[in-house]
Trainee: 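The structure under discussion is supplied below as structure tokens; questions concerning it will follow.
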Amino acid sequence: MTALVILRDPVHGLISFEGPVEGVVERLMNTREVQRLRRIRALGHASLAFPGAEHSRFAHAVGSAHVMKRYLDRVRRLASDIPASDRIDDDMARVALAAALLHDVGHGPFSHTFEVVLPDARAHEEWTSSILLDEDSQVHQVLCELDPTVPRLVERLVHGQSPIPHLARAVSGTFDVDRCDYLLRDSYMTGVRYGLLDLDWLLAALRLHLPPGATAATLAVDGEKGLTAVEGFFLNRLYMYRQVYLHKAVRAADAVSRALFRRLHRLPPRPGTPPALEAMLRGETVSTMTFLELDDAAVQTAVHHYVDDEDPVLCDLARRIRDRRLFKTMRLRADVQPEEARQRLEEALRDGGVDPDYAGGVDRVEIDAYIEDEALMVLGSRGVSRLLDASPVMRGLSRETFVHYRALFPGELRDSVAPALADLR
């Protein structure tokens, strides 16, 4: 069969979608909503710390669809182990590929960053649902051409709901296609090389287990072949959070962005603000098609306007983002009460002549390396066991909570902030 789409990808090598089932990917890729993802950075401000992290949500979406294709191939080889109701026919395969490609179609500018900078912002998952179900969207129209029920099936699957439980978990679960692509892609593009995910081995070790008396299969791994790959998955995820997603420069850039949008929210409309963004700042209901007008370029253009704004606070924050003059950070002890740290920092900022609302803050994030997933089992020579029972590594990770705790402030105020927080470090 001649391939309909062949792409070169730095993470997966050659990616192809061929034949009548996989052809849905090409049709969806050519919609305006999916093409918009080319203009959305997957890692938001991470490129300010990792120069290579310029990859788009589009690349991630295609990669996720590729991982789904490989998952479907694996499930077909396991078909004899599961009930007929758990097997994936061509119609459900199209739904699965569509869900994998479209799972992030609702992201706003700079991806997750946009969800924390606007007051009462809708989560990207909600926007994804709106886009899939909006009759005016091209993705909805393409899905409807398959069958009028398909948009709702895809929308539910994106949220981890499906008549086939193992497929639901492949889209929204511990080892879903989203995580399998973004961990590999983000690691490659940032240059971080700790605990790389072994996707090939993980898929080869994947099993579908039908517990006694159950009517639906659950995901499992071959304990002899796959346990190391599973451990590597969780270690990779932990390392990526510690090295990339919670990098001090990334968190500082997010803090500057939050301050900038907080200022915008409190000011009258400013020249250069996109109409869609202005409406969202004012708390107005925004249509799906209006939301889709926003992308990274629209926000970056607005920031360039704000650099010359007459409001000094907005002007300063815009310059910080444009010129990478980010807030500085100071690590705090995990046992320090956030309220005490916040009060001390705010007092030091006021003494330095700046408004604490726009000059940093306290950033505390807790990461659980592993929260037990009862639906993931390990198949070994002695039968079926929980992951925690099969892996000493996972037992150790499950007991640990990693805390990233910093104060953020303008670098020019370090001399006044450092003494105020000296005994909290």
Side-chain angles (χ1 to χ4, degrees), residues 5 7 9 11-12 15 17 21-22 24-44 55-72 75 88 92-115 122-134 137-140 142-143 146 150-186 197 199 219 237 245 288 291-292 295:
V5 176
L7 303 170
D9 184 75
V11 175
H12 301 293
I15 289 178
F17 299 102
V21 173
E22 297 171 12
V24 68
V25 175
E26 181 186 30
R27 294 172 64 192
L28 289 169
M29 282 172 57
N30 291 328
T31 62
R32 62 178 175 239
E33 294 84 17
V34 175
Q35 288 297 312
R36 169 182 169 272
L37 296 179
R38 293 182 184 273
R39 306 190 299 276
I40 305 290
R41 281 200 187 104
L43 289 183
H55 56 297
S56 68
R57 282 283 157 189
F58 180 85
H60 167 56
V62 174
S64 298
H66 171 73
V67 178
M68 175 56 76
K69 172 185 172 178
R70 296 188 62 185
Y71 177 80
L72 295 175
V75 170
I88 300 175
M92 189 55 74
R94 290 187 185 93
V95 170
L97 288 165
L101 182 74
L102 300 172
H103 74 282
D104 276 346
V105 75
H107 266 296
F110 299 98
S111 293
H112 291 286
T113 301
F114 195 68
E115 297 176 67
R122 294 178 70 190
H124 75 274
E125 294 91 349
E126 295 180 40
W127 282 115
T128 295
S129 292
S130 297
I131 294 166
L132 292 173
L133 301 178
D134 192 315
S137 77
Q138 291 183 358
V139 294
H140 179 88
V142 168
L143 295 174
L146 300 176
V150 168
R152 176 61 71 178
L153 288 172
V154 172
E155 188 269 341
R156 287 295 82 202
L157 184 52
V158 165
H159 292 280
Q161 298 178 26
S162 170
I164 304 177
H166 72 82
L167 182 59
R169 294 190 58 75
V171 176
S172 181
T174 300
F175 293 117
D176 60 34
V177 298
D178 173 33
R179 288 182 174 88
C180 286
D181 181 79
Y182 81 62
L183 288 175
L184 284 169
R185 191 169 303 279
D186 295 350
L197 169 64
L199 179 61
L219 291 178
R237 181 173 177 270
Y245 308 137
T288 304
F291 169 77
L292 289 170
D295 55 26

Trainee: Regarding R36 and E33, does a basic nitrogen lie under 4.0 Å from an acidic carboxylate oxygen?
Mentor: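 Not counted as a salt bridge, because no side-chain N and carboxylate O are separated by less than 4.0 Å.
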
Trainee: Considering only heavy atoms from C-beta outward, does the side chain of L133 approach that of R152 to under 4.5 Å?
Mentor: yes

Trainee: Strictly by modelled atom types, are R38 and Q35 linked by a side-chain donor-acceptor pair under 3.5 Å?
Mentor: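 There is such a pair between these side chains.
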
Trainee: Drop me the distance from R57's CZ to Y182's OH, to the nearest 0.5 angstrom.
Mentor: 9.5 Å

Trainee: A side-chain contact here means heavy atoms from C-beta on lying under 4.5 Å apart; do W127 and E115 qualify?
Mentor: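 SC-SC contact between W127 and E115 ruled out.
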
Trainee: State the CG-NE2 distance between D295 and H107, to the nearest 0.5 angstrom.
Mentor: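 Nearest 0.5 Å value for the CG-NE2 distance: 14.5 Å.
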
Trainee: In Å and rounded to the nearest 0.5 Å, what is the CZ to CD1 distance from F58 to I40?
Mentor: 13.0 Å

Trainee: Report yes if some heavy atom in the side chain of L101 is under 4.5 Å from a heavy atom in the side chain of V24; otherwise report no.
Mentor: no

Trainee: Sub-3.5 Å donor-acceptor pair from the side chain of S130 to the main-chain atoms of T288, do we have one?
Mentor: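 Side chain of S130 to backbone of T288, a donor-acceptor pair under 3.5 Å: no, none is there.
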
Trainee: Between M68 and V171, is any pair of side-chain heavy atoms under 4.5 Å apart?
Mentor: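 A side-chain contact under 4.5 Å exists here.
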
Trainee: Going by the rule ring pair (Phe, Tyr, Trp, His ring centres under 6.0 Å), which residues pair with H103 if we only count those two or more places apart in sequence or in a different chain?
Mentor: H60

Trainee: Hey, what do you get for CD (E26) to CG (L7), rounding to the nearest 0.5 Å?
Mentor: 9.5 Å

Trainee: To check you understand the geometry: which heavy-atom pair defines the closest contact between G108 and F114, and what is its length?
Mentor: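 Closest approach of G108 to F114, heavy atoms only: CA-CD2, 4.0 Å.
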
Trainee: So, for L183 and R237, which heavy atoms are closest and what is the spacing to 0.1 Å?
Mentor: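 What the structure gives for the nearest pair is CD2-CA, 3.9 Å.
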
Trainee: Which residues pass the ring pair (Phe, Tyr, Trp, His ring centres under 6.0 Å) test with H159, sequence neighbours left out?
Mentor: none

Trainee: How many angstroms lie between atom OG of S172 and atom CG of L167, to the nearest 0.5 angstrom?
Mentor: 11.0 Å

Trainee: Answer yes or no: is there a donor N or O on one side and an acceptor on the other, between the side chain of Q138 and the main chain of R32, under 3.5 Å?
Mentor: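 Yes, because the side chain of Q138 sits within donor-acceptor range (under 3.5 Å) of the backbone of R32.
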
Trainee: Could you go through the side-chain contact (heavy atoms from CB on, under 4.5 Å) check for V150 and V95 one step at a time?
Mentor: CA-CA 7 Å; V150 168; V95 170; 4.3 Å; yes

Trainee: Looking only at heavy atoms, what is the nearest atom pair of A96 and L157, with distance?
Mentor: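 Result for this residue pair: CA-CD2, 3.8 Å.
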
Trainee: Would you mind reporting whether K69 and V25 have side-chain heavy atoms less than 4.5 Å apart?
Mentor: no

Trainee: How close do L37 and A61 get, counting heavy atoms only, and between which atoms?
Mentor: CD1-CB, 4.3 Å

Trainee: Has the side chain of S111 got a donor or acceptor atom that lies under 3.5 Å from a matching backbone atom of R41?
Mentor: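 Yes: the side chain of S111 pairs with the backbone of R41.
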
Trainee: Is there a side-chain contact between V62 and D9 in this structure, where contact means two heavy atoms from C-beta onward sitting under 4.5 Å apart?
Mentor: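 Sidechains of D9 and V62: no contact.
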
Trainee: A100 and A65: which non-hydrogen atoms are nearest, and at how many Å?
Mentor: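 For A100 versus A65, the nearest heavy atoms are CB-CA, 3.8 Å.
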
Trainee: On a heavy-atom basis, which atom in R169 and which in D176 lie closest, and how many Å separate them?
Mentor: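 Scanning both residues completely, I find the closest heavy atoms to be O-CB, 3.7 Å.
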
Trainee: Rounded to the nearest 0.5 Å, how far apart are CG of D181 and CG of L199?
Mentor: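 Reported value, rounded in 0.5 Å steps: 9.0 Å.
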
Trainee: Could you tell me whether the side chain of V158 reaches within less than 4.5 Å of the side chain of S129, counting heavy atoms only?
Mentor: no

Trainee: Are any non-hydrogen side-chain atoms of T174 and L219 less than 4.5 angstrom apart?
Mentor: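 No, every pair of side-chain atoms sits at 4.5 Å or beyond.
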
Trainee: Name all residues meeting the ring pair (Phe, Tyr, Trp, His ring centres under 6.0 Å) criterion together with H12; count only those two or more places apart in sequence or in a different chain, and write none if there are none.
Mentor: H66

Trainee: Do the side chain of S162 and the main chain of A168 share a donor and acceptor less than 3.5 angstrom apart?
Mentor: no

Trainee: Given V21 and L72, is the side-chain contact (heavy atoms from CB on, under 4.5 Å) satisfied, shown in steps?
Mentor: CA-CA 11 Å; V21 173; L72 295 175; over 6 Å; no

